[in-house]
Trainee: 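The structure is given below, and queries will be raised subsequently.
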Amino acid sequence: MSKVKLPDGSEIAANGITAGQLAEQIGPRLGKAAVAAKINGQITDLSTPINDVAEVKILTGKDAEGMDVMRHSCAHIMAEAICSIWPEAKLVYGPTVEDGFYYDIDLDEPIRPEDFEKIEKKMAEIVKADEPFVRKEMPRAEALKKLANDKYKTDNINRADGDVISFYTHGEGFEDLCRGPHIPSTGRCGAFKIMSVAGAYWHGDPTQKMLQRVYGTCWPTKKELDEHLNRLEEAKKRDHRVIGKQLDWFSFHEEGPGFAFMHPKGMIIWNEAVDYWRSVHRRYGYSEIKTPIILNEKLWHQSGHWDNYKENMYFSEIDGVGYAVKPMNCPGGCLVYQSRKHSYREFPMKVAELGLVHRHEASGVMHGLFRVRQFTQDDAHIFCNPEQIEQEIIGVIELTFEIYRTFGFDDFHIELSTKPQKHIGSDEIWETATNALEGALKHKEIDYKVNPGDGAFYGPKIDFHIKDCLKRSWQLGTIQLDFSMPQRFGLVYTDKDNTEKTPVMIHRAVLGSFERFLGILIEHYGGNMPLWLCPVQVRVLPISEKTNAYAEQVQSKLIKAGLRSETDSTDEKIGAKIAKAHGEKVPIMFVVGPKEAESATVNVRIRGAESSRTVALNEILKILGNNVVDKKQELKLE
RNA sequence: GCUGCUGUAGCUCAGUGGUAGAGCACGUCCUUGGUAAGGACGGGGUCGUGGGUUCAAGUCCCACCAGCAGCUCCA
């Protein structure tokens, strides 16, 4: 009689029984909740016998792994439902994804959102029938023969490892090639919902047939499903495209797809962010330049963009000569560098540029401010000698972290990408550069992930990723070492020994694109920006016309104190004015009536707070002024 | 770029072949009020663009443009 070890350390006799029976033995409730088992670290069906094994963990919907099994099984259930509705549908591939699953289906008739209910109804029937999932195994050759008429499944077999190919059956005759594992029976499937349908290429290859990808989500309980759907609703409410339109911050127009129009209030946020960005860069010893948007075609041949980036560029002609609209700032920066002689004494030379670049993105990829055809890069190029690389990288990392924190992002990580197969420059210089990047990260004791072979062809790079309040990850900053551009442009500096040498060029961006970053900020804060970034920081709300005069006095004091404010002197009641201000996400409201006018106070109401407080005008001006200067995330009256 | 869906008032949307609708916003008037939307009246639309079918098209068909979801892409 052998014993198995459970996750809590206890041991239990279990010979010749299945994992499912073991679960029953541990407790009937576990037996009922069990969806799969983890035997010696391997996730398997509950029907797997446990002989001579050391460790068993029974998985339920509460475990991430159990949930994954459940979602995969749910994909099969959906596949059966779809096949029963459209018998000609051919199944391709149905994996789990974050929060759910999808199934790629080859079916000429389009599946429409109206059909989801029908599919869900059929799925519910399958779940109710509680049919067991049954695993069948056969040798590869036999499986290939069995599925000879199905090119998709044949392809899946060819991509699978091992000599034994498995199939899963449930219900009446529904069978699918699958590695498994699965829940013991369809009744164990949790709460599900079909979410969407979209096209997807077979193998992600645009030359292959477009399949229909039906997305679903599945959770152990109805409650968790509802919570998930609520989270999606929340994310939808934070959509920067919706908020930007509602609050009159920016717009897009048919006349310029992918080109953002910034409105007055949006420009205030923009300019506040730029002012701050400049002040930090000045402090870190950067100078700033501005180079033209349209430059002679020849320049782009020289820079290599003509050969490597032409598809994404815009072109024009001036006096019969070809010009290109810049997709990057570096060639212009190189011309500035070239305009005079340089000495090693100037190094490191840090030159920033808020460069407006244009990239012709494919029509289907545009997305609000996140993906546009015209954007402002917060670019900079650092010219230095090889010994200075590490110190300069450290400087960029410090500057970058400082800026992220100020904007309210504390959760970030770094990835290092190393030499790709296709590269230019000697192994020696790659090693120096990569060591410099790694050295800087180690020196700063920063954890980082390595992406081997993911570097640019001209040099290794570091990427900065942040997480927003919904835990979504965004790549913002990047540091790229470039050995190509200085050579192509023949950039030199005079070294100590009076010889001319080629400088190292470091490209770096902190926020990446100002447009995109504004979008990320909006979604991070749900439009409720910290005070220093708010287009309107204070709105004065007189109780009635009788206090309009005092409201005007308060307003002028606010303006004098450098705070952006408005007065709502419409003939609405105070409750309506407050509701309106909330709707417009104004962070501070000053309610003023006869009482306040008499005592030189204002009744301060903070966006989202239930109560208000009467404070002396001079005092609140000081508090708000300090909050803005310190760029605080929160606003408190204490 | 590919697949599917969508396009009606400033915004959000209803309108399945027979004279264009609602709520919010906007304007005027009434109301002068104490903490999350007081009332009345009014202005506003060649229904994305261009073709076609029909006695008749916002509505049906085709093309184009733009947006949305996804795929591919983002050296």
Side-chain angles (χ1 to χ4, degrees), chain A residues 97 102 104 107-115 195-215 236 239 241-242 245-248 251-258 303-305 307-312 327-328 359-368 370-373 375 417 420 422-424 454-459 461 475 478 480 482 484 507 512-513 516 541-548 569-584 589-596 603-614:
Chain A
V97 290
Y102 66 79
D104 280 348
L107 173 66
D108 291 330
E109 187 190 333
I111 297 174
R112 297 196 162 80
E114 302 88 272
D115 300 321
M195 301 300 287
S196 62
V197 57
Y201 302 111
W202 192 32
H203 296 327
D205 178 352
T207 63
Q208 294 291 343
K209 184 168 182 182
M210 175 73 75
L211 309 166
Q212 298 196 63
R213 177 168 295 178
V214 185
Y215 285 87
K236 224 170 155 187
D239 191 322
R241 294 166 301 183
V242 176
K245 192 188 261 188
Q246 260 170 10
L247 302 185
D248 194 18
S251 60
F252 285 92
H253 302 270
E254 260 192 50
E255 290 79 356
S303 68
H305 286 86
D307 294 329
N308 293 307
Y309 209 71
K310 195 166 173 248
E311 301 307 304
N312 286 299
M328 293 180 201
R359 297 181 182 179
H360 183 249
E361 302 286 354
S363 63
V365 305
M366 259 109 64
H367 186 95
F370 289 165
R371 193 84 178 265
V372 286
R373 285 177 168 167
F375 59 97
S417 298
K422 199 180 142 195
H423 62 273
I424 56 169
D454 251 7
F457 70 94
Y458 49 76
K461 61 173 182 174
Q475 194 213 307
T478 182
Q480 301 181 1
D482 186 351
S484 163
H507 304 250
S513 143
R516 192 170 106 104
L541 312 178
I543 293 284
S544 78
E545 261 173 39
K546 289 173 190 159
T547 33
N548 277 0
S569 46
T570 58
D571 61 354
E572 288 296 339
K573 295 213 253 186
I574 192 65
K577 291 183 183 183
I578 290 168
K580 196 158 183 275
H582 268 111
E584 292 170 30
M589 289 159 244
F590 284 181
V591 176
V592 294
K595 277 189 282 180
E596 286 76 16
N603 186 260
V604 182
R605 191 175 236 289
I606 295 179
R607 172 182 63 198
E610 307 228 325
S611 60
S612 63
R613 215 179 114 186
T614 298

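Below, all heavy atoms of this structure are taken into account, side chains as well, without hydrogens, waters or symmetry copies. Below, chain A is the first sequence line, B the second, and so on; all start at residue 1.
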Trainee: Is any N or O donor-acceptor pair between the side chain of Asp571(A) and the base of C30(B) shorter than 3.5 Å?
Mentor: yes

Trainee: G33(B), OP1 or OP2 - any side-chain N/O from Lys546(A) closer than 4.0 Å?
Mentor: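 It does, given that an N or O in the side chain of Lys546(A) lies less than 4.0 Å from OP1 or OP2 of G33(B).
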
Trainee: Could a donor-acceptor pair under 3.5 angstrom be found where the side chain of Glu596(A) meets the base of G34(B)?
Mentor: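 Flag set: donor-acceptor pair detected.
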
Trainee: Taking OP1 and OP2 of A69(B), is either one under 4.0 Å from a side-chain nitrogen or oxygen of Arg241(A)?
Mentor: yes

Trainee: So which protein N/O to nucleotides 22-28 of chain B N/O distances come out below 3.5 Å?
Mentor:
none

Trainee: Report which part of the nucleic acid Lys245(A) touches: base, sugar-phosphate, or nothing (heavy-atom distance under 4.0 Å, all strands).
Mentor: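 It contacts sugar-phosphate atoms only.
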
Trainee: What's the shortest heavy-atom distance between Ile111(A) and Gln212(A), and which atoms?
Mentor: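 Minimum heavy-atom contact is N-OE1, 2.8 Å.
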
Trainee: If a pair means Watson-Crick or G-U wobble with both distances below 3.5 Å, what does RNA chain B look like in dot-bracket form, with | marking bases paired to a different strand?
Mentor: (((((((..((((....[..)))).(((((.......))))).....(((((..]....))))))))))))....

Trainee: Looking at residues at least two apart in the chain, or sitting in another chain, which of them share a ring-ring contact (aromatic ring centres under 6.0 Å, His included) with His582(A)?
Mentor: none

Trainee: How far does the P atom of U53(B) sit from the matching atom of A14(B), given to the nearest Å?
Mentor: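 Nearest-Å result for U53(B) against A14(B) at atom P: 30 Å.
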
Trainee: Please classify the nucleic acid contact of His253(A) as base, sugar-phosphate, or nothing, using heavy-atom distances under 4.0 Å.
Mentor: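 Here His253(A) touches no strand at all.
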
Trainee: I'd like a table of donor-acceptor pairs (distance under 3.5 Å, sequence neighbours excluded) in which one partner is a side-chain atom from residues 361-368 of chain A, with atom names and distances.
Mentor:
from, atom 1, to, atom 2, distance (Å)
Glu361(A), OE1, Arg371(A), NE, 3.4
Glu361(A), OE1, Arg371(A), NH2, 2.9

Trainee: Looking only at side-chain atoms of Ile578(A), point me to the closest of G1(B), A36(B), A66(B).
Mentor: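 Among the listed nucleotides, the one closest to the side chain of Ile578(A) is A36(B).
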
Trainee: Report each atom pair, protein N/O against N/O of nucleotides 3-7 of chain B, whose distance is under 3.5 angstrom.
Mentor:
from, atom 1, to, atom 2, distance (Å)
U3(B), O2, Gly199(A), N, 3.4
C5(B), OP1, Arg112(A), NE, 2.9
C5(B), OP1, Arg112(A), NH2, 2.9

Trainee: From C-beta outward on Val591(A), which listed nucleotide comes closest to its side chain: U35(B), C73(B), A69(B)?
Mentor: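 Ranking U35(B), C73(B), A69(B) by closest atom to the Val591(A) side chain puts U35(B) first.
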
Trainee: Base, sugar-phosphate, or nothing: which does Ala200(A) touch, judged by heavy atoms less than 4.0 Å apart?
Mentor: sugar-phosphate

Trainee: Is the backbone of Ala581(A) close enough, under 3.5 Å, to the side chain of Glu584(A) for a donor and an acceptor to pair up by distance?
Mentor: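 No, Glu584(A) side chain to Ala581(A) backbone: no donor-acceptor pair under 3.5 Å.
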
Trainee: Below 4.0 angstrom from OP1 or OP2 of A36(B), is there any side-chain N or O of Arg607(A)?
Mentor: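 Indeed not, no polar side-chain atom of Arg607(A) lies that close.
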
Trainee: When you measure only distances, ignoring hydrogens and angles, does the side chain of Tyr201(A) come within 3.5 Å of the base of G1(B) through a donor and an acceptor?
Mentor: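 Donor-acceptor pair under 3.5 Å: yes.
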
Trainee: What's Gly459(A) touching, base or sugar-phosphate or nothing? Going by heavy atoms closer than 4.0 Å.
Mentor: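 Nothing: the residue Gly459(A), judged by heavy atoms under 4.0 Å, touches no strand.
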
Trainee: Using a cutoff of under 3.5 Å, can you pull out all pairs of nitrogen or oxygen atoms linking the protein to nucleotides 40-44 of chain B, with atom names and distances?
Mentor:
none

Trainee: For Glu545(A) and for Arg605(A), find the nucleotide of RNA chain B with the closest heavy atom, then tell me which residue's nucleotide is more 5'.
Mentor: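 In this pair, the answer is Glu545(A).
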
Trainee: Shortest non-hydrogen contact from Pro542(A) to Asn548(A)?
Mentor: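 Shortest heavy-atom separation between Pro542(A) and Asn548(A) comes out as CG-OD1, 3.2 Å.
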
Trainee: In terms of the nearest nucleotide of RNA chain B, which residue is placed more toward the 5' end: Gln480(A) or Pro257(A)?
Mentor: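 Nearest nucleotide further toward 5': that of Pro257(A).
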
